[in-house]
Amino acid sequence: TTVTLIAAANEKRHSIKITNLTGTQLVYLGFNGLVSSSVGDYLHSAAGSNTSINATNEIWGIAAVSAQTVTVMEESYA
């Protein structure tokens with residue numbers, strides 16, 4: 001699969017929640033386009049699995065085998 005930008009950098013971001021909507025495969029997450037299954041943390045493959053990240057960086061992701069759908073909810077400072 002292809003590395004995809006999930007969320008752009010946002011210096012006002014407090015936290016971001018990423019949910020694996022389709023939930024059939026692992027999605028690996030990282031802070032740059034070099035994320036892979038060997039470089040990055042993973043979002044579990046069960047539908048509805050989510051993680052919250054406290055970072056202002058870009059968030060990138062790549063699915064283990066085929067495309068997955070993720071949703072994003074971001075909390076930002078005013």
Side-chain angles (χ1 to χ4, degrees):
T1 63
T2 303
V3 177
T4 302
L5 179 64
I6 294 174
N10 178 354
E11 62 186 42
K12 294 184 178 186
R13 180 187 303 136
H14 173 66
S15 65
I16 187 167
K17 178 180 167 186
I18 302 169
T19 301
N20 191 343
L21 193 62
T22 51
T24 59
Q25 298 176 44
L26 296 174
V27 177
Y28 293 89
L29 302 171
F31 295 119
N32 60 47
L34 301 177
V35 65
S36 70
S37 61
S38 59
V39 180
D41 199 4
Y42 72 88
L43 178 58
H44 198 277
S45 58
S49 294
N50 62 70
T51 188
S52 292
I53 302 170
N54 297 324
T56 59
N57 311 60
E58 294 179 332
I59 309 291
W60 291 79
I62 187 168
V65 178
S66 65
Q68 295 292 281
T69 301
V70 298
T71 59
V72 174
M73 183 171 64
E74 183 171 293
E75 179 182 12
S76 299
Y77 296 109

Considering only heavy atoms from C-beta outward, does the side chain of [X] approach that of [Y] to under 4.5 Å?
| X | Y | answer |
| --- | --- | --- |
| Val39 | Leu34 | no |
| Ile16 | Val72 | yes |
| Phe31 | Ile53 | yes |

How long is the gap from [atom1] on [X] to [atom2] on [Y], to the nearest 0.5 Å?
| X | Y | atom1 | atom2 | answer |
| --- | --- | --- | --- | --- |
| Asn32 | Leu5 | CG | CG | 11.0 Å |
| Ile59 | Ile18 | CD1 | CD1 | 5.5 Å |
| Asn20 | Tyr42 | CG | OH | 12.0 Å |

Scanning both residues in full, the closest heavy-atom pair of Ala64 with Tyr28 reads CB-CE1, 4.2 Å
Closest non-hydrogen contact found for Asn10 with Ser76 is ND2-OG, 3.2 Å
Suppose the criterion is side-chain hydrogen bond (donor to acceptor under 3.5 Å, both in side chains): which pairs have a residue in residues 45-73, not counting sequence neighbours?
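Residue pairs passing side-chain hydrogen bond (donor to acceptor under 3.5 Å, both in side chains), neighbours aside: Thr22-Gln68, Thr24-Gln68, Gln25-Ser66, Glu58-Trp60.
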Would you kindly confirm whether Leu26 and Val35 end up in one hydrophobic cluster when ILVMFWY residues are joined by side chain heavy atoms under 4.5 Å apart?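 Linked within one cluster.
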(request) Tell me, please, which residues at least two apart from Glu74 pass salt bridge (charged side-chain N to carboxylate O under 4.0 Å, His left out). (result)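 Partners of Glu74 by the salt bridge (charged side-chain N to carboxylate O under 4.0 Å, His left out) criterion, ordered by chain and then number, come out as Arg13.
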